Amino acid sequence: MRKVKVAIIGGGTVGGGVYQALANNGELIAARCGYSIEVNHVVVRDAGKKRSVNPPREIVSTDWEMAISDPETDIVVELVGGVDEAYRIVRRSLEMQKPVITANKALLSLRGASLMKLARKFRTHLYFEASVAGGIPIIKVLRESLVANRISRVYAIANGTCNYILTKMAREGRAFDEILSEAQALGYAEAEPSLDIDGLDAMHKTGIMASLLSGYWVPERSIYVKGIRDITPIDLEFAEWLGYTIKLIGSIKLNENRGDWRNPEIELSVEPMLVPKTHVLASVDGVFNAVFVKGDVVGEALFYGRGAGQDATASSVISDIVDAACDLHQEYERTLAPFEAYAESAAILSHEHSIANYFIRLEAINRPGTMARVTEILARHQIGISSCIQPENHDGETVPLMLMVDRAPYHVFKKAIRELGQLRVVRSKPVYFRVESFAD
Ligand SMILES: NC(=O)c1ccc[n+]([C@@H]2O[C@H](COP(=O)([O-])OP(=O)(O)OC[C@H]3O[C@@H](n4cnc5c(N)ncnc54)[C@H](OP(=O)(O)O)[C@@H]3O)[C@@H](O)[C@H]2O)c1
């Protein structure tokens with residue numbers, strides 16, 4: 001049996017999970033892959049801290065430089081999180097020609113392109129299965145299992161915190177802030193929740209998937225991002241009436257530019273969308289994640305599972321450790337590199353030009369003529385209305401007015417929204433969400 005030695009840098013939630021799962025299932029994994037995987041270092045910031053997983057003292061340290069430069073260390077696993085220190089750890093390991101595994105989507109999103117180049121330069125690899133959708137092996141699926149396909153669409157529910165909040169709001173009719181506090185108390189949301197609820201974590205994951213699909217490292221600033229803070233129970237209630245639910249979706253549309261896969265056109269966004277209740281993504285509830293993929297050969301496929309958590313994430317990290325162990329004994333050029341940028345360029349469509357149907361909610365004064373003013377603005381911008389609801393028996397000076405409008409380019413739609421917000425009869429900032437039919 002061949003042996004590989006692994007240094008785990010970061011012994012927190014995921015690092016602890018990796019250590020524990022290797023301790024529990026190491027023999028089975030070795031029987032399956034032919035490698036005995038031994039953890040020779042676990043590096044933390046505070047070696048005296050109380051932990052739920054406690055590796056033997058002699059392998060725990062606070063010096064990552066020592067752990068990765070140990071000549072016995074074959075593979076480095078970066079699980080410290082953050083960007084700067086993680087970048088130094090990954091860069092240093094790659095420079096030493098040691099394969100690196102990371103679950104760090106923030107790092108990949110910002111520095112992925114340069115780290116991939118570095119890995120190539122030093123003829124080693126950077127693996128990142130756990131960086132997208134935790135326990136769902138979606139990176140392997142997109143790179144390997146679906147290699148035969150021109151993939152034109154990916155829609156992902158990639159943030160469990162947002163999905164948990166939206167599911168609870170829809171089921172219980174309670175406000176965003178209340179459910180967020182509850183999620184924080186239960187440990188489903190961070191004390192500082194903006195990375196999740198403002199869509200940035202989903203942006204990192206969507207960018208990584210878009211890069212794999214297009215063969216071009218997509219800069220994160222090119223992704224339109226809108227979080228879930230504006231959503232109210234009334235939006236979910238009326239979406240339900242209309243046959244929809246609201247989900248935070250990372251959307252990737254890939255169109256070949258004049259049929260040339262070397263120069264694709266990519267349309268990307270992370271935003272709350274109205275999803276038809278008949279669509280399979282509408283039933284992905286709670287902290288679960290799902291990635292819906294359309295390929296020209298496979299057709300439609302859905303990948304569903306736990307997007308975070310100690311064990312689910314450890315499962316993906318260990319799959320990368322096994323890949324790295326196998327690759328160590330291959331000729332470098334013969335292994336399927338974890339990411340090979342093959343597209344020469346990519347035209348990333350500005351969100352201003354992306355075309356969609358929208359749901360609009362206005363708080364409007366309940367008096368004759370209000371509707372006429374609203375429809376006049378939409379008509380002037382050539383935006384058609386497909387349905388309109390104003391609930392009866394609503395108390396107060398204003399009433400919610402909900403509209404579903406037909407396909408419009410975002411820059412046109414935005415102008416109409418601005419004008420609607422300036423109407424005297426409209427009393428608060430208009431709220432709007434994209435409506436996705438998944439038809440094209
Ligand atoms: N948690 C999840 O469900 C999940 C899911 C998917 C991906 N990820 C990604 O996995 C990575 C790790 O997340 P996590 O939840 O495991 O984080 P975590 O619980 O905060 O653990 C981080 C670990 O890194 C150690 N550390 C931090 N800075 C260090 C330094 N300079 N030198 C040595 N050790 C250092 C910490 O030491 P101390 O313990 O002494 O503080 C801790 O053990 C992140 O990139 C995250 O985005 C996490």
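Since the model is a prediction, treat every value here as computed from it, not as a measurement. Only heavy atoms go into these numbers, but all of them, side chains included; no hydrogens, no water, no symmetry mates. For ligands, and for the atoms within them, numbers begin at 1 and follow the listed sequence.
- Looking only at protein heavy atoms, the nearest one to atom 7 (C) of ligand 1 is K105 NZ, 3.2 Å.
- K277 and E240 are joined by a salt bridge, as a carboxylate oxygen and a charged side-chain nitrogen come within less than 4.0 angstrom of each other.
- In this structure, the protein non-hydrogen atom closest to atom 27 (C) of ligand 1 is R45 CZ, 3.6 Å.
- For atom 25 (C) of ligand 1, the nearest protein heavy atom (residue, atom name, distance) is G10 CA, 3.8 Å.
- Among all protein heavy atoms, the one lying closest to atom 15 (O) of ligand 1 is T13 CB, 3.5 Å.
- Among protein heavy atoms, atom 10 (O) of ligand 1 sits closest to A103 CB, 3.5 Å.
- Given atom 13 (O) of ligand 1, the protein heavy atom at minimum distance is V14 CG2, 4.0 Å.
- For E58, the CD atom sits in a packed shell: over 12 heavy atoms of surrounding residues, nucleotides or ligands are nearer than 6.0 Å.
- Of the candidates E85, R51, K205, E78, it is E85 that places a heavy atom closest to atom 31 (N) of ligand 1.
- Per-residue contacts place A308 under 4.0 angstrom from the following atoms of ligand 1 (heavy atoms of the residue considered): 3 (O).
- Residue contact annotation: Q310 has no non-hydrogen atom under 4.0 Å from ligand 1.
- In A130, the part holding a heavy atom less than 4.0 Å from any atom of ligand 1 is the backbone.
- A salt bridge does not link R88 with D84: none of the charged nitrogens is closer than 4.0 Å to a carboxylate oxygen.
- The protein heavy atom nearest to atom 35 (C) of ligand 1 is V80 CG1, 3.6 Å.
- A salt bridge links K140 to D323: one of the charged nitrogens lies within less than 4.0 Å of a carboxylate oxygen.
- Taking 4.5 Å as the limit, every side-chain heavy atom of R143 sits out of range of all side-chain heavy atoms of I138.
- Taking only non-hydrogen atoms, the option from A67, G12, G11 nearest to atom 21 (O) of ligand 1 is G12.
- Of all protein heavy atoms, the one closest to atom 41 (O) of ligand 1 is K49 NZ, 2.8 Å.
- Few gaps surround CD on Q97; more than 12 heavy atoms of other groups in view lie less than 6.0 Å from it.
- Ionic pairing of E38 and K3 is present here: one or more N-O contacts between side-chain nitrogen and carboxylate oxygen are shorter than 4.0 angstrom.
- Ligand-side atoms of ligand 1 in range of G309: 2 (C), 3 (O), range being under 4.0 angstrom from any heavy atom.
- Side-chain contact between F413 and I360: present, with at least one pair of heavy atoms (C-beta onward) separated by less than 4.5 Å.
- Heavy-atom proximity to L79, at under 4.0 Å, picks out these atoms of ligand 1: 12 (C), 22 (C), 23 (C), 24 (O).
- Between W217 and F128, the ring planes are perpendicular. Angles over 60° get that label, and only those under 30° would be called parallel.
- The pair K247-D285 counts as a salt bridge, with a side-chain nitrogen and a carboxylate oxygen less than 4.0 angstrom apart.
- Shown here, atom 17 (O) of ligand 1 is out of close reach of the protein: none of its heavy atoms lies under 4.0 Å off.
- Near V43, meaning under 4.0 Å from any of its heavy atoms, are these atoms of ligand 1: 33 (C), 34 (N).
- For D296 (side chain) and N149 (main-chain N/O), no donor-acceptor pair under 3.5 Å exists by modelled atom type.
- A distance of 9.0 Å separates CG in D46 from OG1 in T62, rounded to the nearest 0.5 Å.
- For atom 1 (N) of ligand 1, the nearest protein heavy atom is under 4.0 Å away.
- Less than 4.0 angstrom separates some heavy atom of G81 from each of these atoms of ligand 1: 44 (C), 45 (O).
- Distances from atom 33 (C) of ligand 1 to the heavy atoms of V132, D46, V44, I9 show the closest one on V44.
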